Amino acid sequence: IGEPPAAPTTWSTSNSAFVGDTMELNWTHNTRDGSSQTYAQLSLKINDDDWVTYTFKNTTSESSGEQTDVETFTYGEAVSYKGTIYVKMDTTNTVLKDSKIVWKVRTAGVTDAFSDIDWSVERTIYIYEKPTLVLSLVKDLASANGTIVEDLDSFPFYIRANVDLDSYDLQRPIGYHLRVVANDFYETVDDAGRTKVINVGDAIYSKYFDTSEVLIVEMSADNLDLESGINYSVYCSADMSTGLSVDNSYDFSVNWVDTEYSVLAGIDVSDDAITAVIS
């Protein structure tokens, strides 16, 4: 007994996260002699800095029940729970903003000794500034600076979306998904005269735009059917080049006077000529 463990198996919550998002570093103690994990060493390399190593003691076991012990360190906290240890990175730490973090782990068993060669594979995670998705609904493009029309009284109008951040050299938008969703139940008539039932949460408009520019979409009766007296929500999400996404939404109501037409016509049908004349 007393043989140092093999290199741990490691994984993280994801490969990238925004500042303020959850990022956990996890590993499995791969024992050679059947002993439980007693210590773990986490080594971090942030951007071009040197490697920095932190040692954490495992203070729980499978018989500890729901006991959770937390040890803080420079970039987060190590959590000991039921004989395992994992690290919760503090992504709000200013040093980690827009950073590349390479990490590796090694563990110790009953002898409390670490192997000099049995480090885990080096894994890389990224922490990015969290952008703001600015979303607006405007009646004319000249006023498209964040103005929101909450009470819509006529077509057309414009939906404008753009991503606001400081580090465009590190990330940028690559596409937008735009949806308009009904917040009330109602019945309407489509272009073919058929009755349609719209339930709460139904998307009456949904489209993806493959662009990195500011998104401006003109909405009119040509691409959107709205009902007066109904409340709607606009949802927009921006896919970033980092693989992450940001979203925003807002509500608006429709209040306009529907114009109804009464058609007065006579129809003469000729069976011989197979024609119909509408006058």
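Remember, predicted model here, so these are calculated numbers, not experimental data. The first residue in the sequence is number 1, and the count goes up from there.
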Side chain proximity check, [X] to [Y], heavy atoms < 4.5 angstrom:
{"X": "Ile159", "Y": "Met219", "result": "yes"}
{"X": "Pro8", "Y": "Ser120", "result": "yes"}
{"X": "Asp225", "Y": "Thr188", "result": "yes"}
{"X": "Asn183", "Y": "Ile230", "result": "no"}
{"X": "Ser167", "Y": "Asp169", "result": "yes"}
{"X": "Val70", "Y": "Lys88", "result": "no"}
{"X": "Gln171", "Y": "Glu129", "result": "yes"}
{"X": "Pro173", "Y": "Val163", "result": "yes"}

Is there a path of hydrophobic side-chain contacts, each under 4.5 Å between heavy atoms of I, L, V, M, F, W or Y residues, that connects [X] with [Y]?
{"X": "Val217", "Y": "Phe155", "value": "yes"}
{"X": "Tyr205", "Y": "Tyr235", "value": "no"}
{"X": "Leu224", "Y": "Tyr186", "value": "yes"}
{"X": "Val180", "Y": "Val200", "value": "no"}
{"X": "Phe157", "Y": "Trp256", "value": "yes"}

So, does [X] use its side chain to make a donor-acceptor pair with the main chain of [Y] at under 3.5 Å?
{"X": "Thr132", "Y": "Val134", "answer": "no"}
{"X": "Asn248", "Y": "Leu133", "answer": "yes"}
{"X": "Ser206", "Y": "Ala203", "answer": "no"}
{"X": "Asp247", "Y": "His177", "answer": "no"}
{"X": "Asn199", "Y": "Asp202", "answer": "no"}
{"X": "Thr91", "Y": "Asp21", "answer": "yes"}
{"X": "Asn223", "Y": "Ser220", "answer": "yes"}
{"X": "Asp33", "Y": "Glu3", "answer": "yes"}
{"X": "His29", "Y": "Ser35", "answer": "yes"}

Nearest heavy atoms of [X] and [Y], plus distance in Å:
{"X": "Ser270", "Y": "Ala273", "result": "OG-N, 3.2 Å"}
{"X": "Thr53", "Y": "Ser43", "result": "OG1-OG, 3.1 Å"}
{"X": "Gln41", "Y": "Thr55", "result": "NE2-OG1, 3.1 Å"}
{"X": "Ala265", "Y": "Ile278", "result": "CB-CG2, 4.0 Å"}
{"X": "Gly83", "Y": "Gln37", "result": "O-NE2, 3.8 Å"}
{"X": "Pro4", "Y": "Ser115", "result": "CB-CB, 4.0 Å"}

Could you give the distance from [atom1] ([X]) to [atom2] ([Y]), rounded to the nearest 0.5 Å?
{"X": "Asp69", "Y": "Thr59", "atom1": "CG", "atom2": "OG1", "value": "3.0 Å"}
{"X": "Thr92", "Y": "Lys97", "atom1": "OG1", "atom2": "NZ", "value": "12.0 Å"}
{"X": "Asn58", "Y": "Ser80", "atom1": "CG", "atom2": "OG", "value": "4.0 Å"}
{"X": "Asn15", "Y": "Arg123", "atom1": "CG", "atom2": "CZ", "value": "9.0 Å"}
{"X": "Tyr128", "Y": "Met240", "atom1": "OH", "atom2": "CE", "value": "10.0 Å"}
{"X": "Asp184", "Y": "Ile198", "atom1": "CG", "atom2": "CD1", "value": "12.0 Å"}

Does a side chain donor of either [X] or [Y] reach within less than 3.5 Å of an acceptor in the other side chain?
{"X": "Thr60", "Y": "Gln67", "answer": "no"}
{"X": "Thr28", "Y": "Thr9", "answer": "no"}
{"X": "Asn47", "Y": "Ser99", "answer": "no"}
{"X": "Ser253", "Y": "Asn231", "answer": "yes"}

Hydrophobic clusters join Ile, Leu, Val, Met, Phe, Trp and Tyr when side-chain heavy atoms are under 4.5 Å apart, directly or via other members; which others share one with Val105? Val19, Met23, Leu25, Trp27, Leu42, Leu44, Ile46, Val52, Tyr54, Phe56, Phe73, Tyr75, Ile85, Val87, Met89, Val95, Leu96, Ile101, Trp103, Ile125, Ile127
Can you confirm whether more than 12 heavy atoms, excluding those of [X], are under 6.0 Å from its [atom1] atom?
{"X": "Asp50", "atom1": "CG", "answer": "no"}
{"X": "Lys45", "atom1": "NZ", "answer": "yes"}
{"X": "Asp222", "atom1": "CG", "answer": "no"}

Pair Lys82 + Glu66: basic N to acidic O under 4.0 Å: yes
May I ask you to decide whether Arg32 forms a salt bridge with Asp118, counting only side-chain N to carboxylate O separations under 4.0 Å? yes
Does Trp119 have its ring centroid less than 6.0 Å away from the ring centroid of Phe114? no
Taking the ring centre of each residue, are Tyr176 and Phe209 less than 6.0 Å apart? no
For Leu215 and Arg160, what are the C-alpha separation, side-chain angles and deciding distance, and is it a side-chain contact (heavy atoms from CB on, under 4.5 Å)? CA-CA 6 Å; Leu215 179 68; Arg160 183 179 188 273; over 6 Å; no
Run the numbers on Lys139 and Leu152 for side-chain contact (heavy atoms from CB on, under 4.5 Å), then give the verdict. CA-CA 9 Å; Lys139 290 296 294 179; Leu152 187 66; 4.2 Å; yes
Measure up the Phe252 and Tyr232 rings against each other and bin them: parallel (under 30°), tilted (30 to 60°), perpendicular (over 60°). parallel
side-chain contact (heavy atoms from CB on, under 4.5 Å) between Tyr126 and Asp98, worked out: CA-CA 7 Å; Tyr126 299 87; Asp98 291 329; over 6 Å; no
